[in-house]
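First up is the structure itself, then whatever we jot down about it.
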Amino acid sequence: MESVDFLTSLNPSQRQAVEHFCGPMLVVAGAGSGKTRALTYRVANLIDNHKVNPENILAVTFTNKAAREIKDRIESIFAQQQAQKKYQKPLSALEPAIQTQLRSQIYRKLTKHLWMGTFHSLCARILRYDINKYQDEKGRQWKPNFSIFDESDVLALVKQIVTKTLNLDDKKFDPRKTRYKISNAKNLGLSPQQYLQENPDYQGRVIAEVYSLYQDALAANNALDFDDLILVPVALFSQNEQVLAYWHQKFCHILVDEYQDTNRTQYDLIRLLTTNGEPPPSFHNWQNRSIFVVGDVDQSIYSFRMADYRIMLEFQQDFGDGLADDDSRTLIKLEENYRSRENILEVANHLIQNNTTRIDKILRPTRSPGVPVCCHKADDEMAEAHFVVDQIRTIINQNPEIGFGSFAILYRTNAQSRPFEDVLRREDVHYNIVGGLKFYDRREIKDAISYLRVIANPADTVSLQRVINVPRRGIGRTTIDGLNNAAQQLGVPLWEIISDQDSVNTITGRAAKSVNRFAQMIQSWRDRLETTTALDILDGILEDSGYFQDLKQQGTDEADNRLDNLRELCNAVSQFQEEEEDTSLQAFLARASLSSDLDNLQEGQEAVSLMTLHSAKGLEFPIVFLVGLEQGLFPNFRSINDPLSLEEERRLCYVGITRAQEQLFITHTSERRLWGYREPCVPSMFLAELPPDLVRGYKPLIRHQAAKNTTKNKATKGTIKKSPQQWNVGDRVLHRSFGVGKITHIFGDHKGKLSIAVKFQGSSPKIINPSVVPLESLD
DNA sequence: CTCAAATCCCTTTTT
DNA sequence: GGGATTTGAG
């Protein structure tokens with residue numbers, strides 16, 4: 001096979017990343033620098049030029065959508081290649097039928113065998129094979145037909161444990177906060193016992209107790225939560241050498257996207273798979289093996305779920321050669337931005353300079369300046385929405401070639417979407433909203449999924465209780481309590497009682513007949529599990545259970561809507577059956593639990609996109625509206641007093657700005673309805689941190705004078721308080737939030753921007769630009 | 001056992 | 001303002 005010609009379209013750094021074969025590699029890739037392209041081509045290159053078997057490649061992406069897109073692109077690359085080879089024509093010049101045929105050949109031969117997806121979906125797949133080999137420290141075990149509990153299932157369990165089992169004051173131990181603490185513990189890789197050791201105080205003891213009971217409950221339901229999907233493989237790999245060895249040998253080439261947003265447990269997983277759990281130097285045998293990670297510390301925005309960008313900063317020490325950036329052979333920087341107009345990029349660069357925790361990295365524009373960034377102040381959230389929609393209309397009227405799909409409205413919180421939805425709907429503009437109340441969170445969908453879960457996993461008592469009386473079949477509280485009691489006494493899942501006619505007849509009264517009929521219905525579908533498709537099971541159970549009939553009978557608009565949603569669910573199942581290799585009910589349930597709203601966002605649909613800044617990560621749009629830039633909203637009030645959180649908010653803002661290709665609008669309001677009350681709003685502090693000469697429509701009130709001076713003379717910028725300061729390695733300095741630190745490096749003048757590395761007590765070294773972030777010398 | 005009214009969170013961000 | 005959960009009457 002001739003070499004792949006896609007390499008010629010890359011810049012030298014990208015090409016270096018793509019052609020890297022064995023050994024470790026860290027790619028520091030700024031926003032819009034073509035990192036997804038590098039990742040895609042690298043996989044293609046491994047297969048094509050290095051003859052790596054696709055089965056031996058593990059690629060972790062941040063969303064399922066990204067995985068699907070990368071697979072599609074790889075398919076295109078090889079289909080293109082085959083078209084040239086077989087027909088001496090470009091792919092697009094061939095008959096559609098031939099094109100499809102080529103693509104499906106590539107799919108069967110190559111992309112189907114790639115292990116590509118999110119940490120969660122890949123781990124769920126691994127567990128499907130091996131979870132029966134796992135036992136936790138308390139002897140809890142799971143079976144391969146485990147359920148994946150979503151956030152509401154999990155919260156209900158924790159709530160029950162806190163208020164019922166332990167009879168605690170739920171004011172003192174808020175189930176939500178307790179759940180969050182358990183999740184954080186899991187993301188740090190801590191078991192209940194380990195958590196207890198680290199938190200021996202009263203509160204820690206209680207949380208550890210809840211955590212342990214919570215694990216009991218999960219095990220009793222043969223269920224895992226999201227965090228377990230990663231934690232269990234890590235624990236399994238740590239306790240079972242053979243299992244680890246198998247997966248280590250299988251995954252020779254590992255790629256991780258968005259590495260700055262991995263957490264400790266995810267890192268442990270990657271480390272184990274890469275090193276087979278062996279300490280250095282023995283794992284430094286990189287023959288036919290690589291670990292390739294891509295990320296950007298400036299875009300780390302998931303610390304609330306325990307993501308830790310220090311993991312990325314430590315890559316060179318962990319896996320790489322540990323040399324300084326310029327000397328390192330295991331580090332590549334992608335610093336050219338191909339996405340945004342220069343003006344937009346400069347605004348982003350200027351903002352992010354205010355952060356202290358950064359990697360020394362610059363992002364160079366490759367595109368012409370374009371129009372200035374536009375800032376608009378609206379009276380309230382309705383006026384803000386009207387402004388945005390007016391702008392969209394105006395732009396489209398002036399440029400008929402631009403479609404609605406070119407626009408995105410990005411906000412900090414999901415709650416901000418409502419006014420935009422209202423105005424867009426009233427103005428008859430198509431829009432696509434990501435997040436908020438998700439499809440799989442709707443009541444009827446959860447009911448249907450619960451039926452399927454009960455069929456797939458008899459131990460899933462949570463789902464069983466959800467559907468046992470839906471629709472109403474006369475099985476009420478007292479009946480369920482009685483059955484539950486019996487199950488608890490015997491220490492068996494509720495299903496064991498329900499499925500035994502004698503038990504049911506003894507325990508319950510009037511309802512016995514209904515319970516027996518229900519149990520028989522579930523069992524009859526379970527018997528057909530192996531021989532019936534997922535779609536037939538879903539359709540069958542919704543019919544048998546009377547769920548469809550109940551909704552049809554109601555005849556309300558709401559019921560009709562629910563019926564539509566259920567039909568949509570059936571469509572999702574049938575689409576799944578067409579797409580996937582493993583069409584089992586369990587595989588579908590895993591996909592349903594792990595798919596995000598974002599995964600369904602179709603491109604090319606001419607609709608305005610609405611989503612949170614977090615959801616927008618990794619996406620790009622020609623025209624972006626960044627809305628609600630108000631102090632307390634963005635940055636969010638919970639972050640304002642914590643310097644580290646505030647920096648994360650700023651990174652979030654940076655992510656938002658760098659989504660825009662051609663034009664960026666920023667809006668804020670004078671007042672806004674919050675919980676039904678009108679609250680006055682102060683412009684976000686981030687607005688004052690943008691370069692005034694590149695932003696039209698915003699005059700910072702406080703720093704106006706200073707801003708004017710600095711733009712006139714860039715060389716003196718930032719030395720606001722003092723005359724030029726001399727910094728030396730070893731100096732002790734004071735930072736307003738990190739306290740006292742010691743200078744460890746001085747990075748020379750870069751375009752007149754000085755960077756110094758400072759080690760503060762209790763944190764990793766920070767790169768600081770002293771002309772932007774005030775530092776006081778103590779020597 | 002079912003339904004409607006009262007109450008009680010809520011708003012960070014998500015796989 | 002609004003949606004989920006809980007309470008109390010029939």
Side-chain angles (χ1 to χ4, degrees), chain A residues 60-67 117-124 148-152 154-156 159 163 170-171 174-176 180 183 186-187 224-231 258 261-263 265-266 300-307 381 410-419 434-438 440-443 446 469-481 508-511 514 590-599 611-617 628 632-640 642 645 648-649 651-653 655-656 672-679:
Chain A
V60 185
T61 57
F62 204 70
T63 61
N64 291 303
K65 178 168 173 265
T118 62
F119 272 110
H120 294 86
S121 53
L122 293 166
C123 284
I148 300 169
F149 277 0
D150 67 25
E151 233 13 72
S152 58
V154 155
L155 195 63
K159 204 169 176 180
T163 59
D170 65 354
K171 293 280 182 301
D174 175 15
R176 277 182 102 85
Y180 187 59
S183 176
K186 287 186 172 189
N187 285 323
L224 299 177
D225 64 21
F226 282 138
D227 307 316
D228 285 330
L229 292 175
I230 325 277
L231 188 61
E258 309 283 7
D261 274 324
T262 51
N263 63 39
T265 313
Q266 290 163 345
S300 165
I301 55 175
Y302 279 94
S303 73
F304 67 90
R305 65 178 203 210
M306 291 283 106
E381 75 279 358
L410 309 181
Y411 36 76
R412 178 71 235 285
T413 65
N414 281 308
Q416 284 166 262
S417 69
R418 190 165 300 280
V434 175
L437 21 152
K438 291 186 191 69
Y440 286 102
D441 284 343
R442 289 171 208 201
R443 198 207 307 174
K446 284 213 70 176
N469 197 31
V470 177
R472 303 263 133 81
R473 42 175 82 88
I475 306 174
R477 249 328 253 281
T478 29
T479 308
I480 296 171
D481 282 351
T508 65
R510 272 203 309 263
S514 287
R591 168 146 133 174
S593 314
L594 300 176
S595 83
S596 71
D597 231 24
L598 206 55
D599 299 331
M611 68 188 84
T612 63
L613 288 154
H614 282 89
S615 295
K617 172 156 115 160
L633 187 60
F634 190 26
N636 191 267
F637 70 98
R638 306 178 101 104
S639 308
I640 279 179
D642 173 24
S645 308
E648 179 147 314
E649 295 281 310
R651 289 195 290 272
L652 197 52
C653 189
V655 167
R672 179 180 292 276
R673 260 176 207 282
L674 241 73
W675 304 285
Y677 301 103
R678 287 189 167 280
E679 297 280 345

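So you know, we letter chains A, B, ... as the sequences are listed, proteins then strands, and number each from 1.
We find that the ring of A:Tyr302 and the base of B:dT13 do not stack by the test of centres under 5.5 angstrom and planes tilted less than 30°.
As judged by a 4.0 angstrom heavy-atom cut-off over every strand, A:Arg176 is placed among residues touching the sugar-phosphate backbone only. Within 4.0 Å (heavy atoms only), A:Asn414 reaches sugar-phosphate atoms of the nucleic acid but no base atom.
Salt bridge status for A:Glu649 with A:Arg412: present, with a side-chain N to carboxylate O gap under 4.0 Å. Electrostatic pairing of A:Arg305 and A:Asp261 does not count as a salt bridge here, judged by no charged N lying under 4.0 Å from a carboxylate O.
The interatomic distance linking A:Glu151 (CD) with B:dT11 (P) rounds to 12 Å, in whole Å. Distance A:Phe637 CZ to B:dT13 P: 11 Å, rounded to the nearest Å. Atom NZ of A:Lys186 is separated from atom C1' of B:dT14 by 16 Å (rounded to the nearest Å). Going from atom CZ of A:Arg672 over to atom C1' of C:dG1 covers 15 Å, rounded to whole Å. In this structure, CE of A:Met611 is placed 17 Å from C1' of B:dT15, rounded to the nearest angstrom. Atoms CZ (A:Phe634) and P (B:dT11) sit 19 Å apart, rounded to a whole Å. Between A:Asp225 atom CG and B:dT15 atom P the separation is 15 Å, expressed in whole Å. Between the CZ atom of A:Arg443 and the C1' atom of C:dG3 there is a distance of 11 Å, rounded to whole Å.
Of the N and O atoms on the side chains of A:Gln416 and A:Thr413, at least one donor lies less than 3.5 Å from an acceptor on the other residue. For A:Asp227 and A:Ser183, the side-chain atoms include at least one donor-acceptor pair closer than 3.5 Å.
In this structure, A:Gly117 and A:Leu122 approach most closely via the heavy-atom pair O-CD1, 3.4 Å. A:Ala66 approaches A:Thr61 most closely through the heavy-atom pair CB-CB, 4.1 Å.
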Could you run down the sub-3.5 Å N/O contacts of the protein with nucleotides 1-6 of chain B?
unit_1: B:dC1; atom_1: OP1; unit_2: A:Gly476; atom_2: N; d: 2.6
unit_1: B:dC1; atom_1: OP1; unit_2: A:Thr479; atom_2: OG1; d: 3.1
unit_1: B:dC1; atom_1: OP2; unit_2: A:Arg477; atom_2: N; d: 3.2
unit_1: B:dC1; atom_1: OP2; unit_2: A:Thr478; atom_2: N; d: 3.2
unit_1: B:dC1; atom_1: OP2; unit_2: A:Thr478; atom_2: OG1; d: 2.5
unit_1: B:dT2; atom_1: OP2; unit_2: A:Asn469; atom_2: ND2; d: 3.3
unit_1: B:dC3; atom_1: OP2; unit_2: A:Arg472; atom_2: NH1; d: 2.4

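Candidate nucleotides C:dT6, B:dT15, B:dT13 were compared by shortest atom distance to the side chain of A:Phe226, and B:dT15 ranks first. With B:dT11, B:dT15, B:dT14 as the choices, the nucleotide that has an atom nearest any side-chain atom of A:Ala415 turns out to be B:dT11. Closest to the A:Phe304 side chain, of the nucleotides B:dT14, B:dT15, B:dT11, is B:dT14. When distances run from any side-chain atom of A:Arg305 to the nucleotides B:dT13, B:dT14, C:dT6, the shortest one goes to B:dT14.
Of the possible donor and acceptor atoms, none in the side chain of A:Asp225 sits under 3.5 Å from a partner among the backbone N and O of A:Phe149.
Within a 6.0 Å sphere centred on NZ of A:Lys446, heavy atoms belonging to other residues, nucleotides or ligands number more than 12.
Distance CD1/A:Ile230 to CZ/A:Phe119: 6.5 Å, rounded to 0.5 Å. In this structure, CD in A:Glu258 is found 9.0 Å from OH in A:Tyr302, a value given to the nearest 0.5 Å.
In this structure, A:Ser615 does not reach the B:dT13 phosphate: none of its side-chain N or O atoms is under 4.0 Å from OP1 or OP2. Between A:Thr612 and the phosphate of B:dT14, there is a side-chain N or O to OP1/OP2 separation shorter than 4.0 Å.
Heavy-atom nearest nucleotides on DNA chain B were determined for A:Arg412 and for A:Ser121, and the one closer to the 5' end corresponds to A:Arg412.
Distance check on atom C1': B:dT11 versus C:dT6 gives 22 Å, rounded to whole Å.
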In dot-bracket, 5' to 3', how would DNA chain B read with Watson-Crick or G-U wobble pairs under 3.5 Å, [ ] for crossing ones and | for pairs to another strand? |||||||||......
